[in-house]
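Take a look at the structure below.
A note on names: the letters A, B, ... follow the listed sequences, proteins ahead of strands, and every chain is numbered from 1.
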2 protein chains.
Amino acid sequence: MTESLTEEKIKEAARIIFMEKGYAAAGMRDIAAKAGVNLSLVNYYYRSKKNIFQIIMLEKMHKIFGSIIPYMIDENTSLEEKIKHISTVYIDTISEDPNLPLFVFSELQKNPEELGILFPIQNMDFMQMSIVKQFKAACPDINPAHFMLNFLGMTIFPFIAAHLFSKMPNGIFDNIQTIIHERKKLIPLWIKNMLEANIN
Amino acid sequence: MTESLTEEKIKEAARIIFMEKGYAAAGMRDIAAKAGVNLSLVNYYYRSKKNIFQIIMLEKMHKIFGSIIPYMIDENTSLEEKIKHISTVYIDTISEDPNLPLFVFSELQKNPEELGILFPIQNMDFMQMSIVKQFKAACPDINPAHFMLNFLGMTIFPFIAAHLFSKMPNGIFDNIQTIIHERKKLIPLWIKNMLEANIN
DNA sequence: GTCTATAGAGAGATAGAC
DNA sequence: GTCTATCTCTCTATAGAC
């Protein structure tokens with residue numbers, strides 16, 4: 001039941017093409033060419049464009065959501081430890097595949113019904129997560145949604161905007177990869193500061 | 001030189017279809033149907049799919065970038081005033097068209113060459129903006145890129161993630177529109193707190 | 001300006017030889 | 001498993017009647 005070399009070459013080509021162009025603009029011929037195989041082999045191994053896309057998309061959703069959720073629900077770490085660990089691990093993970101957030105958010109928004117059922121994100125109860133319960137204990141006056149939006153926004157938004165900002169001349173966003181990596185240390189400091197201020 | 005009724009109906013339909021599906025998945029037939037006109041009229045008034053898309057895209061880029069840049073370069077307001085004003089105006093503006101950030105970032109990433117020249121965002125020098133100079137005076141030890149990423153991320157990221165989060169059951173993101181509007185008052189407080197802490 | 005009809009290119013998918 | 005050839009459908013765009 002191990003995958004053949006051809007099968008894996010096609011899948012890797014599909015990853016690249018779908019990430020670059022999105023589902024609609026990607027073509028089966030693009031994938032075959034990138035893999036260096038005959039067009040009909042893509043259908044032979046994966047049967048349809050929709051099917052191979054769902055395989056890639058499931059993989060990508062697992063990567064973007066699965067890499068943080070275990071830490072968020074862990075009952076055995078403090079809030080501070082979670083924040084440090086998640087921001088570091090997440091920035092390292094997404095840096096290997098920096099277009100991942102824009103790709104996943106964009107495709108999910110275009111086809112929420114079909115793609116939403118592939119990954120159980122819609123069945124998750126944020127209120128029962130350890131990280132949310134810990135935040136509520138620390139800052140009872142603030143809606144935890146704001147905390148999650150700030151934390152995730154600080155971590156993920158730079159990847160979404162990187163492509164655009166890096167094109168600006170002579171700018172503050174030169175070397176945006178370096179800037180993003182600096183944030184692994186800075187985000188926990190900023191968040192800790194916000195928690196202590198307990199602004200409401 | 002005023003637009004005819006048909007011409008405007010087609011443009012409005014194109015706005016909706018392109019925002020929903022993106023450039024690649026949108027069809028001239030979709031646009032004609034949404035406008036309630038014959039297919040060939042879309043080409044009669046706008047000549048090609050690429051052309052009508054660029055018209056819509058230019059409009060949208062003007063909306064997402066043009067609505068904040070004037071405030072960022074204004075030499076006659078304080079940093080604190082800028083932050084308050086921008087977060088309020090921006091959240092109100094984007095709330096009327098909440099899919100705008102995801103649409104613009106996504107399409108720009110897929111076709112940066114052609115779309116980048118439509119709007120002069122790539123010619124802007126962030127370092128010369130009043131808001132950046134003011135931040136550097138207030139927090140000389142922090143790269144202003146972090147400030148801009150935090151400020152814009154806190155403001156824009158909730159719109160990018162809203163679609164996904166709002167599907168979660170029994171969650172903290174119920175009524176995400178209300179939560180986003182609360183942020184008009186909260187973001188200036190958080191940012192002010194970060195400036196005063198001057199974390200480095 | 002608006003319609004019908006269609007050209008022409010490109011897409012996804014499959015049949016069938018090897 | 002891999003190839004060539006092709007079917008069928010859909011798309012953008014245009015020609016030409018009214």
Side-chain angles (χ1 to χ4, degrees), chain A residues 1-60 103 106-108 110-111 113-115 118, chain B residues 1-60 103 106-107 109-111 113-115 118:
Chain A
M1 201 53 195
T2 53
E3 286 179 344
S4 72
L5 180 64
T6 304
E7 195 172 354
E8 186 47 48
K9 274 198 303 183
I10 292 168
K11 198 197 261 186
E12 178 57 19
R15 284 187 194 101
I16 296 167
I17 297 294
F18 281 132
M19 292 290 291
E20 267 180 10
K21 303 190 169 190
Y23 175 74
M28 298 292 266
R29 284 168 175 82
D30 299 329
I31 295 171
K34 175 72 80 180
V37 303
N38 190 280
L39 167 63
S40 58
L41 289 180
V42 184
N43 285 290
Y44 175 77
Y45 282 106
Y46 294 98
R47 216 181 59 251
S48 72
K49 180 183 173 183
K50 198 188 239 178
N51 186 52
I52 190 170
F53 176 72
Q54 288 188 335
I55 291 169
I56 304 299
M57 188 70 184
L58 184 57
E59 227 183 65
K60 296 296 184 183
F103 172 77
S106 177
E107 294 296 337
L108 265 177
K110 280 172 194 158
N111 194 355
E113 314 84 32
E114 261 189 82
L115 300 176
L118 284 181
Chain B
M1 201 53 196
T2 55
E3 286 178 345
S4 73
L5 180 63
T6 304
E7 195 171 354
E8 186 47 48
K9 273 198 302 184
I10 293 168
K11 197 197 263 186
E12 179 57 19
R15 283 188 193 100
I16 297 167
I17 297 294
F18 282 130
M19 291 290 291
E20 268 180 10
K21 303 191 170 191
Y23 175 74
M28 297 293 266
R29 282 169 175 81
D30 300 327
I31 295 171
K34 175 72 80 177
V37 304
N38 189 282
L39 166 63
S40 58
L41 290 180
V42 184
N43 285 290
Y44 174 79
Y45 282 107
Y46 293 99
R47 215 179 62 251
S48 72
K49 180 182 173 184
K50 196 187 239 180
N51 185 52
I52 190 170
F53 176 72
Q54 289 188 335
I55 291 169
I56 305 299
M57 188 70 185
L58 184 57
E59 227 183 65
K60 296 296 184 183
F103 171 77
S106 177
E107 294 295 336
Q109 195 264 337
K110 280 172 196 158
N111 194 353
E113 314 83 33
E114 262 189 82
L115 300 176
L118 283 180

Practice task
Could you encode protein contacts along nucleotides 12-18 of chain C as a string, one character per nucleotide from 5' to 3', using B for base contact, S for sugar-phosphate-only contact and - for no contact, with a heavy-atom cut-off of under 4.0 Å?
Solution key: BBB----
Exercise for the section: Could I get the full list of salt bridge (charged side-chain N to carboxylate O under 4.0 Å, His left out) partners for Glu114(B), not counting sequence neighbours? Expected result: Lys50(B)
Problem - Euclidean distance, atom OH of residue Tyr46(A) to atom P of dG1(D) [Å, nearest integer] - result: 12 Å
Practice task
Taking side-chain hydrogen bond (donor to acceptor under 3.5 Å, both in side chains) as the test, write out the residues that go with Lys9(A), two or more places apart.
Solution key: none
Handout entry: Partners meeting side-chain hydrogen bond (donor to acceptor under 3.5 Å, both in side chains) with Glu20(A) (sequence neighbours left out)
Key = none
Exercise for the section: Could you check which residues of residues 30-38 of chain B get a heavy atom under 4.0 Å from DNA chain C? Sort them by number, please. Expected result: Asn38(B)
Exercise for the section: Sequence neighbours left out, what pairs pass ring-ring contact (aromatic ring centres under 6.0 Å, His included) with at least one residue falling in residues 21-41 of chain A? Expected result: Tyr23(A)-Phe53(A)
Problem - Partners meeting salt bridge (charged side-chain N to carboxylate O under 4.0 Å, His left out) with Lys110(A) (sequence neighbours left out) - result: none
Practice task
Examine dT2(C): is either OP1 or OP2 under 4.0 Å from a nitrogen or oxygen in the side chain of Tyr45(B)? Give yes or no.
Solution key: yes
Exercise for the section: Answer yes or no: does a side-chain N or O of Thr6(B) lie under 4.0 Å from OP1 or OP2 of dG1(C)? Expected result: no
Exercise for the section: State whether Lys11(A) and Glu3(A) are salt-bridged, where the test is any N-O pair (Lys NZ or Arg NE/NH1/NH2 against Asp/Glu carboxylate O) under 4.0 Å. Expected result: yes
Problem - Whole angstrom value for the distance that separates P of dA13(D) from CD1 of Ile10(B) - result: 14 Å
Please tabulate, for the side chains in residues 33-44 of chain B, all donor-acceptor contacts under 3.5 angstrom to protein atoms that are two or more places apart in sequence or on a different chain.
{"from": "Asn38(B)", "atom 1": "OD1", "to": "Ser40(B)", "atom 2": "N", "distance (Å)": "3.0"}
{"from": "Asn38(B)", "atom 1": "OD1", "to": "Ser40(B)", "atom 2": "OG", "distance (Å)": "2.9"}

Problem - Pairwise salt bridge (Lys or Arg N to Asp or Glu O under 4.0 Å) hits with a residue in residues 38-47 of chain B, at least two apart - result: none
